[in-house]
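Below, each value reflects all heavy atoms present in this structure, side chains not excepted, and no hydrogens, waters or symmetry copies. Below, chains carry the letters A, B, ... as their sequence lines are ordered, and counting in each starts from 1.
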2 protein chains.
Amino acid sequence: MNSVPLYEAKAELFRLLGHPVRIRVLELLQDGPMPVRDLLAAIEVEPTGLSQHLAVLRRSGMVTAQRDGSTVVYALAGGDVAELLRAARKLLTQMLTGQHELLAELLKADSR
Amino acid sequence: MNSVPLYEAKAELFRLLGHPVRIRVLELLQDGPMPVRDLLAAIEVEPTGLSQHLAVLRRSGMVTAQRDGSTVVYALAGGDVAELLRAARKLLTQMLTGQHELLAELLKADSR
DNA sequence: TACGTGATTGCGGAAGTTCGCAATTCGTGG
DNA sequence: CCACGAATTGCGAACTTCCGCAATCACGTA
């Protein structure tokens, strides 16, 4: 068991998250389950494209789908996705302010 | 300013992390700056491949490089990468146990 | 049964990623 | 100055991802 090194699994997880549409889907699903129709209305994407991205998330086990009549409702599958997205957001802002500081340094050095 | 939606930036960040070698590099750099030589010894990858992955991380601003004599030393550039990796690890284990529970459910249902 | 709507799947081409080889840069020591 | 080791860059081939079109499946309804 556990034949896949942890860092491989992490890389694969990150690769799964590496698309704007899939990020949007996960963000939207954080507020609770949602039918495809609503996702489609909220995200700028063709129905077929959305289906493909949903399929990726489904295959990876990050979301679950269940039919309710003629519509299909998607939901997060357990894990704490929110925390991961929060950490990503934080890291992004940290990197941006870091660049600002570097820029300020350079400007200061330039004026000397 | 801020012309890129946040979810696009997140997706790009995750895409950057979506490779085993890059994950390993970031993990190793968490214990402090490290010369390329040591990274090369620790990771199973050709020198040229490592350089390319380091270039990706450099361009994205996640790591910094500085020469020290004939070697080049890489370091994390500020942000809290550790937290992101921890969140990823947590989510992975949650997803795995989730699948175990699902499997158990199916087996139970099957035996009825 | 036949039709319409919601959602998915199966392609095919365009675009992007990864990897190794060869060539290049940069610094150190003979 | 020349040769060497460390690291990077340029490039081409193999592979993967992404996107839209057409076809299909699943469900409710006339």
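At distances below 3.5 Å, not a single donor-acceptor pair connects side-chain atoms of A:R24 with backbone N or O atoms of B:Y7.
Side-chain proximity of B:R67 to C:dA7, C:dG27, C:dT9: nearest is C:dG27. Here C:dA7 is the nucleotide among C:dG27, C:dA7, C:dG6 with the atom lying nearest to any side-chain atom of A:V72.
In this structure, the CG atom of A:D68 is 20 Å from the P atom of C:dT5, given to the nearest Å. Per the geometry, CD belonging to B:E46 stands 5 Å off P belonging to C:dG20, to the nearest Å. The interatomic distance linking A:Y74 (OH) with C:dA7 (P) rounds to 9 Å, in whole Å. If you take CG of B:L54 and C1' of C:dC19, they are 15 Å apart, rounded to a whole angstrom. In this structure, A:L39 places its CG atom 14 Å from P of C:dG6, rounding to the nearest Å. Atom P of nucleotide C:dG6 and atom CG of A:D38 are separated by 12 Å, given to the nearest angstrom. In this entry the distance linking CG of B:L57 with P of C:dT17 reads 14 Å, nearest Å. Between the CG atom of B:L50 and the C1' atom of C:dG20 there is a distance of 14 Å, rounded to whole Å.
Nucleotides of DNA chain D lying under 4.0 Å from heavy atoms of chain B occupy a range whose first and last members, 5' to 3', are D:dA6 to D:dC11.
Close to C:dT17, at under 4.0 Å from its OP1 or OP2, lies no side-chain N or O of B:H53. For A:R15, no side-chain nitrogen or oxygen approaches OP1 or OP2 of C:dT18 to under 4.0 Å. Side-chain nitrogen and oxygen atoms of B:H19 include at least one within less than 4.0 Å of the OP1 or OP2 phosphate oxygen of C:dC19.
Side chain A:T48 to base C:dT9: a donor-acceptor pair is found below 3.5 Å.
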Evaluation steps, salt bridge (Lys or Arg N to Asp or Glu O under 4.0 Å), between A:E83 and A:R86: CA-CA 5 Å; A:E83 188 180 343; A:R86 233 181 297 119; 5.6 Å; no
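A residue-by-residue look at B:T71 and A:G18 shows that B:T71 has its nearest nucleotide of DNA chain D further toward the 5' end. Toward the 5′ end of DNA chain C lies the nearest nucleotide of A:Q52, the other residue of the pair B:V45 and A:Q52 mapping further downstream.
In this structure, B:G49 reaches neither bases nor backbone, as no heavy-atom distance under 4.0 Å exists between it and the strands shown. A:S51 comes within 4.0 angstrom of a nucleotide base, judged by non-hydrogen atoms across all strands.
Side-chain atoms of B:L26 and B:L76, non-hydrogen and from C-beta on, do get closer than 4.5 Å to each other.
Note on ring orientation: taking the six-membered ring where Trp is involved, the planes of B:F14 and A:F14 are parallel (angle under 30°, cut-offs 30° and 60°).
By the 6.0 Å contact criterion, CD on A:E27 is enclosed, its count of non-hydrogen atoms from other residues, nucleotides or ligands being greater than 12. Within 6.0 Å of CZ on B:R58 lie more than 12 heavy atoms contributed by other residues, nucleotides or ligands.
From B:L57, atom CG reaches atom CG of B:L17 across 8.0 Å, with rounding to the nearest 0.5 Å. Distance check, rounded to the nearest 0.5 Å: CG of B:D80 to CD of B:Q30 gives 8.5 Å.
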